[in-house]
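The structure under discussion appears below in the form of structure tokens.
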Number of protein chains: 2
Amino acid sequence: MRNDNIPVDPARLAIAQDVKAVLDTDFFTALCEPVRVEIIRRLITVGASDVKTIAQGMVQDRSVISRHLAMLERAGITASRKSGRRVEYDLNGPDIVAKVTDILAVIEPMARLCMPYAAQKSHNEGAA
Amino acid sequence: MRNDNIPVDPARLAIAQDVKAVLDTDFFTALCEPVRVEIIRRLITVGASDVKTIAQGMVQDRSVISRHLAMLERAGITASRKSGRRVEYDLNGPDIVAKVTDILAVIEPMARLCMPYAAQKSHNEGAA
DNA sequence: GTAATGCGTGCATATGTGTGCACATATACG
DNA sequence: CGTATATGTGCACACATATGCACGCATTAC
């Protein structure tokens with residue numbers, strides 16, 4: 001067996017850990033379902049709504065929409081509030097923006113190291 | 001049957017369409033798999049590598065890693081270059097940053113409209 | 001009070017997806 | 001030339017997930 005103890009760049013190691021930490025699997029899982037994206041679109045269009053209203057005109061059963069909304073809430077994408085026998089759901093805009101902002105902040109330094117098959121910018125370049 | 005022709009806010013409608021358009025299902029699908037995230041972490045740590053190197057130390061079979069890399073490339077997350085009998089994969093940092101930047105630009109106006117159960121900032125507030 | 005409405009959940013099922021093995025192809029090595 | 005290595009793919013299989021239905025619970029309407 002080979003002893004490939006290649007010394008890893010500490011900077012790369014740190015960024016790699018940051019990226020892995022910020023890549024919330026639940027968040028992306030919630031967004032990779034077309035039906036859930038459609039629910040998001042409707043919530044933006046009409047604002048906060050109850051389950052029945054959101055499910056109006058969609059082919060899936062109301063119970064399916066209810067489950068999707070619960071999953072979106074667990075992922076921090078929606079928030080809910082009970083109002084009588086109805087439950088109003090709405091997008092959690094600030095939290096979504098915060099999440100994406102965090103991701104962007106972490107992947108920007110990564111991008112400086114990962115420019116495939118092109119000259120990577122050195123620390124004193126880019127002042128074009 | 002009720003005739004619920006509720007006039008939708010044109011601004012909301014436009015933002016909703018923008019959000020739905022920018023939410024690339026393939027992109028999120030690629031990122032919601034723990035094994036693919038681990039591959040990303042390794043690529044950041046050691047830089048561009050071939051399939052065999054990436055698969056070293058991972059429990060999944062090399063063919064599985066190959067498939068994940070192909071999927072990541074279709075999603076624009078990695079890029080590949082043939083080098084002899086090997087195929088080097090590397091993260092496509094700039095494209096990833098561009099994608100996330102686009103998403104952030106679209107969801108920021110959405111967030112101003114979707115602040116659940118809190119007073120939404122009007123256009124002349126926020127100058128605190 | 002009873003009936004009706006809205007919501008979430010257990011259950012069964014169809015579809016999607018990750019995984020490993022075997023094999024074919026392409027390239028390097030001798 | 002033949003052999004070894006690296007990669008991708010067809011196939012079968014295990015597991016996850018989305019879906020619809022029926023039901024129970026909570027709340028409103030009557």
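Chain identifiers are assigned alphabetically (A, B, ...) following the order of the sequence lines, protein sequences preceding nucleic acid strands; residue numbering begins at 1 within each chain. Any value given below was found using the heavy atoms of this structure, including those in side chains, with hydrogens, waters and symmetry copies removed.
Here Y89(A) does not reach the OP1 or OP2 of dG6(C): none of its side-chain N or O atoms lies under 4.0 Å away.
For the ring-ring contact (aromatic ring centres under 6.0 Å, His included) test, no residue two or more places apart in sequence or in another chain qualifies with F27(B). By the salt bridge (charged side-chain N to carboxylate O under 4.0 Å, His left out) test, D24(B) pairs with K99(B), sequence neighbours left out. Here D18(B) pairs with nothing under the salt bridge (charged side-chain N to carboxylate O under 4.0 Å, His left out) rule; sequence neighbours left out. The salt bridge (charged side-chain N to carboxylate O under 4.0 Å, His left out) check on R86(A) picks up D50(A), E88(A), with sequence neighbours excluded. Every residue two or more places apart in sequence or in another chain was checked for a side chain to side chain donor-acceptor pair (under 3.5 Å) with R67(B), and none qualifies. By the salt bridge (charged side-chain N to carboxylate O under 4.0 Å, His left out) test, E73(A) is found to be paired with no residue, residues two or more places apart in sequence or in another chain being considered.
Summarising the geometry, the separation between CD1 on I65(B) and C1' on dT9(D) is reported as 16 Å, rounded to the nearest angstrom. The CG atom of D50(A) sits 10 Å away from the P atom of dG8(C) (whole-angstrom rounding). In this structure, E88(A) places its CD atom 13 Å from P of dG6(C), rounding to the nearest Å. As a whole-Å value, the separation of E73(A) CD from dC7(C) P is 14 Å. In this structure, R81(B) atom CZ and dA6(D) atom P are separated by 19 Å, rounded to whole Å.
For residues 32-81 of chain A, no residue pair satisfies the ring-ring contact (aromatic ring centres under 6.0 Å, His included) rule, not counting sequence neighbours.
Using five terminal pairs a side, the axes of the helix from dG1(C)-dC30(D) to dG30(C)-dC1(D) at its two ends make an angle of 20°, given in steps of 10 degrees.
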Report summary line: Reading nucleotides 15-28 of chain C from 5' to 3' and marking B where a protein heavy atom lies under 4.0 Å of the base, S where only the sugar-phosphate is that close, and - otherwise, the string is ---SBBB-----BS

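Here E108(A) does not pair with R112(A) in a salt bridge; the nearest charged N to carboxylate O distance is not below 4.0 Å.
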